[in-house]
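These values consider heavy atoms only, across backbone and side chains, with no hydrogens, waters or symmetry-generated copies. All of these numbers come straight from a predicted model, not from anything done at the bench. In the text below, chain A, chain B and the rest are named by the order of the sequence lines, each starting its count at 1.
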Amino acid sequence: MAPAKHRDLNSLPGKLLPWFERHARDLPWRTLPADRAVGERPDPYRVWLCEIMMQQTTIPHGTPYFHAFTERWPSVEALAAAKDEDVMSAWAGLGYYARARNLLKCAREVTARGGFPETEAELRKLPGIGPYTAGAIAAIAFDQKAAAVDGNVDRVFARLLALKGEWAAEKKVIAETVRALVPEDRPGEFAEALMDLGATVCTPTKPNCLICPVSDLCAARAEGEPERYPIKPAKVAKPVRYGTAYVLRVKDQVLLVRRPDKGLLGGMLALPTEDWVEGGFAETRPPATAEWEDIGEVRHVFTHFALRFRVMRAEAARKPKIPGAIWTNANAVKGLPSVFEKAYKLALK
DNA sequence: AAGGCGGGGTG
DNA sequence: CACCCAGCCTT
C-alpha cells in the first residue's frame with residue numbers, strides 16, 4: 001500500500017491559516033477571521049446566496065447581484081415569497097439560469113422546513129446545491145468539518161501534488177486529499193483560505209510562488225513549472241449557430257415572450273426567435289406579418305456554441321394575436337439575458 | 001462519464 | 001482566438 005499523498009501535506013493548514021489571517025479577501029458575505037475569533041458567524045442565507053451566485057462566476061461580476069438580492073430580499077423567507085418573474089429578472093445577465101430557478105425552489109424548501117439544514121449531507125439534497133456548495137455552506141456557515149473544493153482548490157492541489165493523470169480521476173484524488181486536511185476547529189476559514197490562495201497567489205497563468213505560504217510543500221514548484229498544472233483535456237471547438245430575433249413594435253409597446261423552463265435561457269424573458277441552427281441563416285418565420293427590416297447582427301458566445309444573431313425589426317399599427325405574448329413598454333424593457341439585451345439595444349438605434 | 005448550461009474578463 | 005471563473009443537473 002503506497003502512502004497516501006496527503007501525508008506530505010499535514011503541515012498545510014498550520015501554514016495556510018496564519019497566512020489567511022493576514023491576507024483574506026474582504027468580501028461582502030464574509031465574516032473575517034478576527035470577527036470569527038470573537039464568536040461572530042455569517043448569516044447562512046447570505047452564505048448560501050453568495051455560493052450559488054458565484055458558481056462559475058467571477059467575483060467582480062457577481063458581487064453587484066449579491067448586493068441587489070440581499071437588499072431586495074433580506075432573508076430566505078423574503079426570497080421564498082418573491083414572484084418567480086421578479087427573481088428571474090433580477091438574475092438576468094448573470095447566466096446559468098437554472099441556478100435562479102433552483103434558488104427559488106431551494107428558498108421555498110428551506111422556508112417550509114424552518115431554516116437551512118446544517119450538515120453537508122442534508123444540504124446536498126437541496127436543489128442547486130452540489131458537492132462544492134454543500135461543503136462550503138456546512139463549513140463556512142455551520143462550522144462543520146467539510147471540504148469545499150472549487151476550481152481554485154483543484155488547481156492548488158493539482159500543483160501541490162503535481163498530478164499528471166487523467167483529470168477527472170485526479171479531481172477525485174484532490175477531493176479526498178482536501179477532505180483529510182480539513183481542521184476540526186476552523187473548517188470555514190480553511191475553505192476560504194484555500195480559495196483565496198488559488199484566487200490571489202496560485203493563479204491560473206502566473207502563480208506567484210515567491211509569496212506562497214505553502215510553496216515548500218509544492219511538488220509542481222519543485223519541478224519548476226507550476227503553471228503547467230492542472231493538466232486538463234483539450235476543449236472541443238465551438239460550432240457556430242445562426243438565428244434571428246424579432247423586435248415588433250406597436251406604438252410604445254414591444255413584443256416579448258417567456259422561454260420554456262427547460263433548456264437554454266430557460267424561464268427567461270426574451271425576444272421572439274426560432275431555433276438556432278448550424279450552417280447558416282434559415283428561412284425567417286417572424287411572429288407576425290409586417291414590413292420586417294434587417295437591422296444587423298450581434299454575436300454572442302455560449303458555453304458550447306457561438307451564435308450569430310440577426311435582428312429584424314417591424315412596426316405594426318395594432319397588436320396581433322400572439323399566444324404567450326408579453327407586451328412591454330419599449331423604454332422599460334429589463335430582465336433580458338445578455339444575448340437578447342444586445343439584440344434589443346441594436347434595434348433601438 | 002459526458003454533455004448542456006452564460007457571461008464577462010484576461011492574455 | 002483560448003482559457004478561466006466560489007459547479008450543478010440530466011442523461
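Two residues, Asn102(A) and Pro204(A), neighbour DNA chain C, and the one matched to the more 5' nucleotide by heavy-atom proximity is Pro204(A). In this structure, Lys206(A) and Pro337(A) both approach DNA chain B, and ranking their closest nucleotides by distance from the 5' end singles out Pro337(A).
Checked against a 6.0 Å centroid threshold, the rings of Phe20(A) and Phe190(A) do not count as neighbours. In this structure, Phe302(A) has its ring center at least 6.0 angstrom away from the ring center of His304(A).
Of the candidates dC9(C), dC3(C), dG7(C), dC3(C) carries the atom nearest the Lys235(A) side chain, counting heavy atoms from C-beta on.
In this structure, Tyr96(A) places its OH atom 14 Å from C1' of dA6(C), rounding to the nearest Å. The interatomic distance linking Ile129(A) (CD1) with dA6(C) (P) rounds to 19 Å, in whole Å. Distance CZ (Phe305(A)) to P (dA2(C)): 16 Å, rounded to an integer number of Å. Taking atom NZ of residue Lys232(A) and atom C1' of nucleotide dC3(C), one finds them 9 Å apart after rounding to whole Å. The nearest whole Å value for the distance from the CG atom in Leu94(A) to the P atom in dG7(C) is 12 Å. Between the C1' atom of dC8(C) and the CG atom of Asp150(A) lies a distance of 14 Å, rounded to the nearest Å. For the pair Lys171(A) NZ and dG7(C) P, the computed distance is 10 Å after rounding to whole Å. Nucleotide dC5(C) holds its P atom 12 Å from the CZ atom of Arg25(A), rounded to whole Å.
By the neighbour-count criterion of 12 heavy atoms within 6.0 Å, atom CG of Asp275(A) is sparsely surrounded, having that number or fewer from other residues, nucleotides or ligands. The 12-atom threshold is exceeded at NZ of Lys164(A), counting heavy atoms of other residues, nucleotides or ligands nearer than 6.0 Å. Residue Lys238(A) qualifies as enclosed at atom NZ: its count of foreign heavy atoms under 6.0 Å is above 12. Within a 6.0 Å sphere centred on CZ of Arg285(A), other residues, nucleotides and ligands contribute 12 heavy atoms or fewer.
Looking at heavy-atom distances under 4.0 Å, Gly266(A) makes no contact with the nucleic acid at all. Residue Trp29(A) is classed as a base contact, given a heavy-atom separation below 4.0 Å to a base. Using a 4.0 Å heavy-atom criterion, one finds that Ser338(A) contacts the sugar-phosphate atoms exclusively. Using a 4.0 Å heavy-atom criterion, one finds that Gly198(A) contacts no nucleic acid atom at all. Within the 4.0 angstrom heavy-atom criterion, no nucleotide atom of any strand lies near Lys105(A). Base engagement by Leu27(A) is indicated by at least one non-hydrogen atom pair under 4.0 Å involving a base atom. Residue contacts for Phe302(A): at a heavy-atom cut-off of 4.0 Å it reaches the sugar-phosphate backbone alone, with no base atom in range. Backbone-only engagement by Pro131(A) is indicated by non-hydrogen atom pairs under 4.0 Å involving sugar-phosphate atoms exclusively.
The gap from the C1' atom of dG7(B) to that of dT10(C) amounts to 22 Å, rounded to the nearest Å. Nucleotides dT10(B) and dA6(C), compared at atom P, are 13 Å apart to the nearest Å. With both ends at atom C1', the span from dC5(C) to dG6(B) equals 12 Å, rounded to whole Å.
Contact check, Gln56(A) against dG7(C): a side-chain N or O comes under 4.0 Å of OP1 or OP2. A close approach under 4.0 Å does occur between a side-chain nitrogen or oxygen of Thr133(A) and OP1 or OP2 of dC8(C). Arg155(A) has a side-chain polar atom (N or O) that falls below the 4.0 Å cut-off from OP1 or OP2 of dC5(C).
Distance check, rounded to the nearest 0.5 Å: CZ of Arg30(A) to CZ of Arg36(A) gives 9.5 Å.
In this model, no donor atom of one side chain and acceptor atom of the other lie less than 3.5 Å apart for Glu77(A) and Tyr45(A).
The span of DNA chain B lying next to chain A, judged by atoms under 4.0 Å from heavy atoms, is bounded 5' to 3' by dA1(B) to dG8(B).
Cluster annotation: Met312(A) is connected to Ile322(A) through the hydrophobic network of ILVMFWY side chains, with a link wherever side-chain heavy atoms come within less than 4.5 Å.
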